Amino acid sequence: MATRGPVRVAVLGCGVVGTEVVRLLVQQAEDLAARVGAPLELVGVAVRDTSTPRGAAVDPELLTTDAEGLVDRADVVVEVMGGVEPARALILRAIERGAAVVTANKELLGKDGPTLYAAADAAGTDLYFEAAVAGAIPIVRPVRESLAGDRITRVLGIVNGTTNYVLDQMATSGQGLQEAVRQAQELGFAEADPTADVEGYDAAAKAAILASLAFHTRVSAADVHREGIMNLTADDVARAATTGHVLKLLAIAERSGDGVVVRVHPALLPQWHPLASVRGSFNAVFVEAEAAGELMFYGRGAGGTPTASAVLGDVVTVARNKVIGGKGPIESRYAELPVRGVAEAVTRYQVELRVRDLPGVLAQVWQVVADHGVSIETVRQSRAEVYGDHADLLVVTHAATDEALSATVADLQDLPVVVKILSVLRVEGV
Ligand code: NDP
Ligand code: HSE
């Protein structure tokens with residue numbers, strides 16, 4: 001049934017993203033009305049503290065702390081408050097009332113998306129979330145709709161702007177990790193608690209959303225192998241450049257045998273790889289599909305205005321559905337592929353070892369690697385800077401399972417000629 005008159009829009013949250021959503025709703029009202037086929041009426045904006053200044057575009061009269069009451073007055077609810085509760089309860093309330101929901105909340109979708117998708121399906125209403133993955137970049141709709149006729153084999157992405165900014169700053173200006181994180185917070189793209197960014201939780205939630213869509217299988221953030229950037233040193237970042245690589249925090253979702261593996265961890269990418277040139281807080285997602293081949297989606301993955309663009313795109317779609325009738329796609333999980341652990345991922349390792357500088361050491365290292373069925377691609381030896389009788393080996397392996405590679409590193413650690421494992425990094429994109 002078509003909605004008559006204006007489509008009533010409630011916005012939950014008026015922070016970095018919400019302020020820009022409200023500004024664009026107000027400033028582009030005429031264009032949005034033409035695209036929707038009816039005016040969008042902003043009925044209120046829920047916040048915790050109505051006395052906080054919100055900028056010129058936000059009418060203070062619209063601010064309320066009664067989020068539930070606001071939800072009950074809306075045809076479209078835009079959730080940009082973040083966190084799990086009360087966001088989940090408010091979204092479910094909106095859905096149960098038949099309102100369409102637009103959310104940017106990857107944390108909630110990564111933890112409990114299926115509950116929300118099922119509720120929206122049961123209520124016959126829309127739940128859209130383009131802004132939840134990679135900010136302004138259209139990636140949810142291309143994976144969910146444009147590639148629905150293809151078979152996606154791999155998704156490789158830089159989906160966290162904060163960590164990309166931090167690693168880029170460390171590589172280009174020699175800035176320390178903590179200082180770069182502080183800057184990312186000031187610039188508005190770090191999460192309220194930046195632990196979510198630097199420990200990889202934010203990227204893991206996005207990886208789970210992308211994997212679910214790409215493989216028609218339920219994947220939650222808890223299924224994603226996750227390593228953050230906190231253990232990376234300035235040396236790791238600097239050394240990457242000397243071997244023709246850049247260090248990135250990657251989200252990888254791929255078919256592996258009869259299942260899928262989803263992982264988030266720092267990795268070395270060759271400098272020629274398209275993702276290697278993604279700088280600052282920009283994001284990019286590289287999709288490999290059987291028929292389409294390689295596709296890359298690039299743009300601003302964080303920040304108020306870029307994220308608001310993705311939110312508004314969804315608002316127009318769900319509001320138009322209200323006006324003309326009909327609804328968008330529901331959750332697709334028919335494939336139900338098993339989600340495997342990182343041990344089954346096929347990757348390559350770069351291992352830096354400090355060894356005793358004695359005859360036969362290389363042969364011993366070689367033997368341990370071979371015992372695990374792993375093959376070495378390159379070895380570079382240099383004299384250890386501090387100790388004259390030690391040498392540093394930089395070993396890069398050929399592809400093998402993560403299980404075989406990590407077992408190799410564990411056994412190398414136990415070799416008497418190995419003084420110390422200096423670093424272990426995966427190499428991707430080859
Ligand atoms: P902010 O912390 O800047 O804003 C959150 C807003 O929600 C604030 O206005 C806050 O009110 C309000 N709020 C929080 N809890 C409640 C509550 N219980 N009741 C009422 N209002 C509440 O967050 P962001 O704008 O940065 O992020 C919003 C969402 O968008 C998150 O899910 C985030 O992950 C996602 N996102 C953010 C991006 C970014 O670049 N910032 C990019 C992509 C997605 P008050 O101001 O009064 O405290
Ligand atoms: N904190 C997130 C980031 C915001 O840095 O990418 C966008 O989701």
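All of these numbers come straight from a predicted model, not from anything done at the bench. Whatever order the structure lists ligands and atoms in, that order sets their numbers, starting from 1.
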Reference residue Arg340; test salt bridge (Lys or Arg N to Asp or Glu O under 4.0 Å); the match among Asp258, Asp223, Asp402
Asp258
Can you check salt bridge (Lys or Arg N to Asp or Glu O under 4.0 Å) on Arg255 and Glu290, steps first, answer last?
CA-CA 12 Å; Arg255 287 182 187 269; Glu290 281 183 0; over 6 Å; no
Minimum-distance protein heavy atom relative to [atom]:
atom                    : answer
atom 16 (C) of ligand 1 : Arg48 CG, 3.5 Å
atom 8 (O) of ligand 2  : Lys106 NZ, 2.5 Å
atom 3 (O) of ligand 1  : Val16 N, 3.0 Å
atom 46 (O) of ligand 1 : Arg54 NH1, 2.7 Å
atom 7 (C) of ligand 2  : Gly301 O, 3.3 Å
atom 28 (C) of ligand 1 : Val80 O, 3.2 Å
atom 30 (O) of ligand 1 : Ala104 CB, 3.6 Å
atom 27 (O) of ligand 1 : Val17 CG2, 4.1 Å
atom 5 (O) of ligand 2  : Thr162 OG1, 2.6 Å
atom 32 (O) of ligand 1 : Gly82 CA, 3.2 Å
atom 42 (C) of ligand 1 : Thr307 OG1, 3.2 Å

Under 3.5 Å: N/O of [X] near N/O of ligand 1:
X      : answer
Gly15  : yes
Thr52  : no
Gly303 : yes
Gly13  : no
Gly83  : no
Ala302 : no

Are any of the N/O atoms on Phe189, whether in the backbone or the side chain, positioned under 3.5 angstrom from an N/O atom of ligand 2?
yes
Which residue in the set Thr397, Asp236, Thr243, Thr378 passes side-chain contact (heavy atoms from CB on, under 4.5 Å) when paired with Gln350?
Thr243
Under the side-chain contact (heavy atoms from CB on, under 4.5 Å) rule, collect the residues that match up with Ile330, sequence neighbours excluded.
Asp121, Lys327
Determine whether Asp193 and Thr195 satisfy the following criterion, side-chain hydrogen bond (donor to acceptor under 3.5 Å, both in side chains), listing intermediate values before the conclusion.
CA-CA 5 Å; Asp193 174 4; Thr195 311; 2.6 Å; yes
To the nearest 0.5 Å, how far apart are OG in Ser281 and CD in Gln169?
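If I round to the nearest 0.5 Å, the distance is 10.0 Å.
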Atom CD1 in Ile209, atom CD1 in Ile139: separation rounded to 0.5 Å?
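One finds 12.0 Å between CD1 of Ile209 and CD1 of Ile139.
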List ligand 2 atoms under 4.0 Å from [X], heavy atoms only on the residue side.
X      : value
Lys206 : 2 (C), 6 (O), 7 (C), 8 (O)
Gly161 : 3 (C), 5 (O), 6 (O)
Asn160 : 2 (C), 3 (C), 5 (O), 6 (O)
Glu191 : 1 (N), 2 (C), 4 (C)

Is a salt bridge present between Glu191 and Lys106, judged by a nitrogen-to-oxygen distance below 4.0 Å?
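Looking at Glu191 and Lys106, the cut-off is met.
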Proximity of Thr163 to ligand 2 by residue part, where a heavy atom lies under 4.0 Å:
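Within the 4.0 Å criterion, Thr163 makes no contact with ligand 2.
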Using a heavy-atom cut-off of under 4.0 Å, does the side chain or the backbone of Asp197 touch ligand 2, or both, or neither?
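Within the 4.0 Å criterion, Asp197 contacts ligand 2 through side-chain atoms alone.
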In this structure, does ligand 2 have an atom that sits under 4.0 Å from one of the heavy atoms of Gly135?
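Under 4.0 Å: no for Gly135.
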Please work out which of Glu20, Glu191, Glu85 has its closest non-hydrogen atom nearest to atom 33 (C) of ligand 1.
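Checking each option, the heavy atom nearest atom 33 (C) of ligand 1 is found in Glu191.
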Among Ala205, Ala46, Cys14, the residue with a heavy atom nearest to atom 9 (O) of ligand 1 is Cys14
Does Gly135 reach ligand 1, in the sense of a heavy atom lying below 4.0 Å from it?
no
Between [X] (side chain only) and [Y] (backbone N and O only), is there a donor and an acceptor less than 3.5 Å apart?
X      : Y      : value
Ser212 : Val219 : yes
Glu20  : Thr307 : no
Arg8   : Arg73  : yes

Which residues satisfy the side-chain hydrogen bond (donor to acceptor under 3.5 Å, both in side chains) test with Tyr117, sequence neighbours excluded?
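Partners of Tyr117 under the side-chain hydrogen bond (donor to acceptor under 3.5 Å, both in side chains) test: none.
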Arg144 to Tyr128 six-membered ring, cation-pi geometry met (6.0 Å, 45°)
yes
Under the 6.0 Å and 45° cation-pi test, does Arg226 pair with Tyr201?
yes
When you measure from atom 23 (O) of ligand 1 to the protein, is at least one non-hydrogen atom found at a distance under 4.0 Å?
no
Checking contacts here: is it the side chain or the backbone of Ala131 that comes within 4.0 Å of ligand 1, counting heavy atoms only? Could be both or neither.
backbone
State, with a plain yes or no, whether a side-chain heavy atom of Leu42 is found less than 4.5 Å away from one of Val22.
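The answer is yes; the side chains approach within 4.5 Å.
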Should Met296 and Leu275 count as side-chain neighbours, where that means a heavy-atom distance under 4.5 Å?
yes
Residue pair Leu249, Asn164: steps toward the side-chain contact (heavy atoms from CB on, under 4.5 Å) verdict:
CA-CA 7 Å; Leu249 184 76; Asn164 204 55; over 6 Å; no
